[in-house]
Each structure stands twice: as structure tokens, then as C-alpha cells.
Amino acid sequence: MPVLTRLIPSPLVVDIRPGALDDLACVLADERISHSGRLAVAVSGGSGARLRARLEPSLPGATWYEVGGGTLDDAVRLAGDIKAGHYDAVVGLGGGKIIDCAKFAAARVGLPLVAVPTNLAHDGLCSPVATLDNDAGRGSYGVPNPIAVVVDLDVIREAPVRFVRAGIGDAISNINAIADWELANRVKGEKIDGLAAAMARQAGEAVFRHPGGIADNDFLQVLAEALVLTGVAMSISGDSRPASGSCHEINHAFDLLYPKRAASHGEQCGLGAAFAMYLRGAREQAADMARVLRRHGLPVLPEEIGFTVAEFVRAVEFAPETRPGRYTILEHLDLKTDQIKDTYADYVKAIGS
């Protein structure tokens, strides 16, 4: 009898615990990712740079590159600098923008990427996508998964609270994204990858149902694991479908319509997910989601991130244009301005104050 299996693209190493950063060199050597210690380390001018002094003694063979921002030009420039050296791997040490730049640069020069996030703002830390600002606004570029993910919970606890809370919104929005995928399957016959959907759904549910908060290491562990699992789910699926539905379309609409005022990715996705769950008729789930988001200090109304109701309505109406070809509850309902406005008023009443 033939044995049928499939290879799952995933990191060789996932190390999530307090103090993990102190063992970074040993982890890389033990797994033969960089036995020689020759690493190109991309850092930000902020959190990554502050950790450089701590790590330099244990990484004597590393060359350090400070990355200015999260643009495509920054990533291409980093790739050019790295190409001039001879390295075993690239390490992205910092927030999401730095890791995305490092992912793109590593892919461009054909080196594995080690992700060492200093916050948990979104699921990009282990995803096969690099999101970078470009001349047209913002683009998503396909890249290989990181070969290793090292999350030091002591470092995460030092991150700005808002950047950790945002990851909660991004993880919880998986629940809405899977509901959109299932809708597309029922209505359009779009194929669902059951394993990818299961991983993304359970990652979102684990964060959604956890009674703790960002002050607890147990909760941070679950959140970090959920973000890693979501990235792996996207790799299995071959696209962002397991974690990106109407919630992310609304997020992209905020970014494109109000680029100077947009809130964080996770804040906007969480708000978008709660509203989208209400749109699909899951009234109790929408109210539960809003309650959990509020408990973690996340927004559930547009004015809580500086937008008027009219601006939110415009973003919801524009949202389907951000992902042509993706079918979600927004495309299914095809609501017009007045319908969105009326539904939003009902949503506000349903979730309470």
C-alpha cells in the first residue's frame, strides 16, 4: 500500500520562552543553520539596536546592518549590502518592518532567514509574505518561511503595550477569515485546505478563549505560538487565505484611504473582524469578539482609532477593491453606503458600551 504524505513548509526551530535570546548562537549552531557563526543581522534603530550590545559578544562572526524603515527600497538596499558578504543566514532582529525587510532581502540573495521579533504585533513573524511600502502604497511579496523563529518573552514584555495588543487582534481575526473561506467554498466552490484552516482557526480560538492578558507569560506564550502557527498555515495553503478575509480587506482599505492616519495592522483587523462577524449574521459571536477585544484594550469602534463613522463606512465600501478575486462576506453582501451605515448602527447597539 502506498504511503501518501506531503511536506509542510515550516521552521526548523521554534524557540518561544523567557531568555531565548541568550541562547540564540547555540540554537543556530545546534541546528546547523550557522555553524560558522557568519550571520548578517538586520536591526532597527530602536529595539533591535538596543539588543545589539547584549548579543554581540555571543555572535562574534556577525555583521550588523541597521535598516532605516520598512520600504521596498530599504529591503533591496539591504539585499545588496548582504550580497557583498559570505553568510550562512540572515537574522531579522526587531519589529515587523525589520523582519519583513530581512525576509525579502534573504530571499533575494538565497539565504535562510532567522526571525527574532521584539514584539508580537502581527502574524508576519513566520509568514511566507513580506509586506513593504512601495511607490504605489504597500505591497505583499512572496518569500520563503523563516528557517527559525526565536521569541524571547522577556524581550516581548519590554515592548510597547500597543504593539503586543495588536497581535491579539490579528490572531483573533483568523476566526473571521476562516468563516469567509468557508463562505467562498459554499457559494463559489473555492477549495479549502483543511489542515491550513484547522491550524489558523485553532490559533485564533486559543487566543480568543485564553483568560489571561499581556502581563502573563502563559498568555504571551499562547499568543506567540498562535502567530507562528498562522504563518505556517499560510505556507501550507500557499496564500494568505487562512488568515486574511474581510477583516484584512477593511484593514487594507484604512491603509490605502488614510495612509497618514491608519492605526496598527492588528487593531484594524480586530475591529474589521468584529464588524464582519456581525455582517454575516453571527450576532453573538460578534458581541463576544468585541468583548474580548475590549478586555485586551483593543478598539471595536472606528472612533477609538481616530476615524469617523463616515470614514469607516467608506473603508468598508472600498474594502473589496483591495483584494480583487477574494470572496468574503463583503463581496457576498455587496452593501451600498446607506446599507453599511444602517448595519453599523445596529452593530454598535449589539456590542453595547
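Atoms considered below: every heavy atom in the structure, side chains included; atoms not considered: hydrogens, waters and symmetry mates.
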Given 3.5 Å as the limit, does a donor-acceptor pair link the side chain of [X] with the main chain of [Y], or not?
{"X": "Asp88", "Y": "Ile33", "result": "no"}
{"X": "Asp154", "Y": "Gly19", "result": "yes"}
{"X": "Arg295", "Y": "Pro211", "result": "yes"}
{"X": "Asp23", "Y": "Ala20", "result": "no"}
{"X": "Ser173", "Y": "Asp170", "result": "yes"}
{"X": "Ser127", "Y": "Gly231", "result": "no"}
{"X": "Asp216", "Y": "Asp218", "result": "no"}
{"X": "Glu304", "Y": "Val300", "result": "yes"}
{"X": "Asp193", "Y": "Ala196", "result": "yes"}
{"X": "Gln285", "Y": "Ala282", "result": "no"}

Derivation and outcome, side chain to side chain contact (heavy atoms under 4.5 Å, CB included), residues Val151 and Leu120: CA-CA 9 Å; Val151 182; Leu120 299 176; 4.2 Å; yes
Hey, could you give me the [atom1]/[atom2] distance between [X] and [Y], rounded to the nearest 0.5 Å?
{"X": "Arg280", "Y": "Ser246", "atom1": "CZ", "atom2": "OG", "result": "5.0 Å"}
{"X": "Thr118", "Y": "Leu125", "atom1": "OG1", "atom2": "CG", "result": "10.5 Å"}
{"X": "Arg165", "Y": "Asn119", "atom1": "CZ", "atom2": "CG", "result": "14.0 Å"}
{"X": "Gln221", "Y": "His210", "atom1": "CD", "atom2": "NE2", "result": "9.5 Å"}

Give a yes or no on whether [X] and [Y] share a hydrophobic cluster (residues Ile, Leu, Val, Met, Phe, Trp, Tyr; joining criterion: side-chain heavy atoms under 4.5 Å apart).
{"X": "Ile98", "Y": "Leu132", "result": "no"}
{"X": "Val109", "Y": "Val76", "result": "no"}
{"X": "Trp181", "Y": "Met234", "result": "no"}
{"X": "Val309", "Y": "Phe318", "result": "yes"}
{"X": "Ile99", "Y": "Leu24", "result": "no"}

Does this structure show an ion pair linking [X] with [Y], if we count only N-O contacts that are shorter than 4.0 Å?
{"X": "Glu267", "Y": "Arg162", "answer": "yes"}
{"X": "Arg326", "Y": "Asp180", "answer": "no"}
{"X": "Lys341", "Y": "Asp346", "answer": "no"}
{"X": "Lys103", "Y": "Asp100", "answer": "yes"}
{"X": "Arg291", "Y": "Glu284", "answer": "no"}
{"X": "Asp74", "Y": "Arg77", "answer": "yes"}
{"X": "Arg17", "Y": "Asp15", "answer": "yes"}

- request: Test Leu39 against Tyr87 for side chain to side chain contact (heavy atoms under 4.5 Å, CB included), laying out the working first.
  value: CA-CA 5 Å; Leu39 300 164; Tyr87 303 109; 5.6 Å; no
Could you tell me if [Y] and [X] have a donor-acceptor pair between their side chains, going purely by distance under 3.5 Å?
{"X": "Asp255", "Y": "Gln268", "result": "yes"}
{"X": "Glu331", "Y": "Thr328", "result": "yes"}
{"X": "Thr337", "Y": "Glu317", "result": "yes"}

field: Mutual orientation of the aromatic rings belonging to Tyr258 and Phe254 [parallel < 30°, tilted 30-60°, perpendicular > 60°]
entry: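 Correct class here is tilted.
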field: Aromatic ring pairing His265/His252, orientation class (parallel under 30°, perpendicular over 60°, tilted between)
entry: tilted
With a 4.5 Å cut-off on side-chain heavy atoms, are [Y] and [X] touching?
{"X": "Val232", "Y": "Cys126", "result": "yes"}
{"X": "Phe219", "Y": "Ile168", "result": "yes"}
{"X": "Ile250", "Y": "Leu330", "result": "yes"}
{"X": "Leu59", "Y": "Val91", "result": "no"}
{"X": "Ile82", "Y": "Val90", "result": "yes"}
{"X": "Leu93", "Y": "Leu51", "result": "yes"}
{"X": "Leu195", "Y": "Met199", "result": "yes"}
{"X": "Glu311", "Y": "Thr308", "result": "yes"}

- request: Any chance you could lay out the side chain to side chain donor-acceptor pair (under 3.5 Å) test for Asp73 and Thr71, step after step, and finish with the verdict?
  value: CA-CA 5 Å; Asp73 288 342; Thr71 69; 5.1 Å; no
- prompt: Is the centre of the Tyr141 ring less than 6.0 Å from the centre of the Phe104 ring?
  reply: yes
query: Checking side chain to side chain contact (heavy atoms under 4.5 Å, CB included) for the pair Leu301/Phe312: CA distance, chi angles, key distance, verdict?
result: CA-CA 9 Å; Leu301 300 172; Phe312 178 71; over 6 Å; no
task: Apply side chain to side chain contact (heavy atoms under 4.5 Å, CB included) to Lys349 and Tyr344, showing your working.
output: CA-CA 9 Å; Lys349 295 175 184 176; Tyr344 175 75; over 6 Å; no
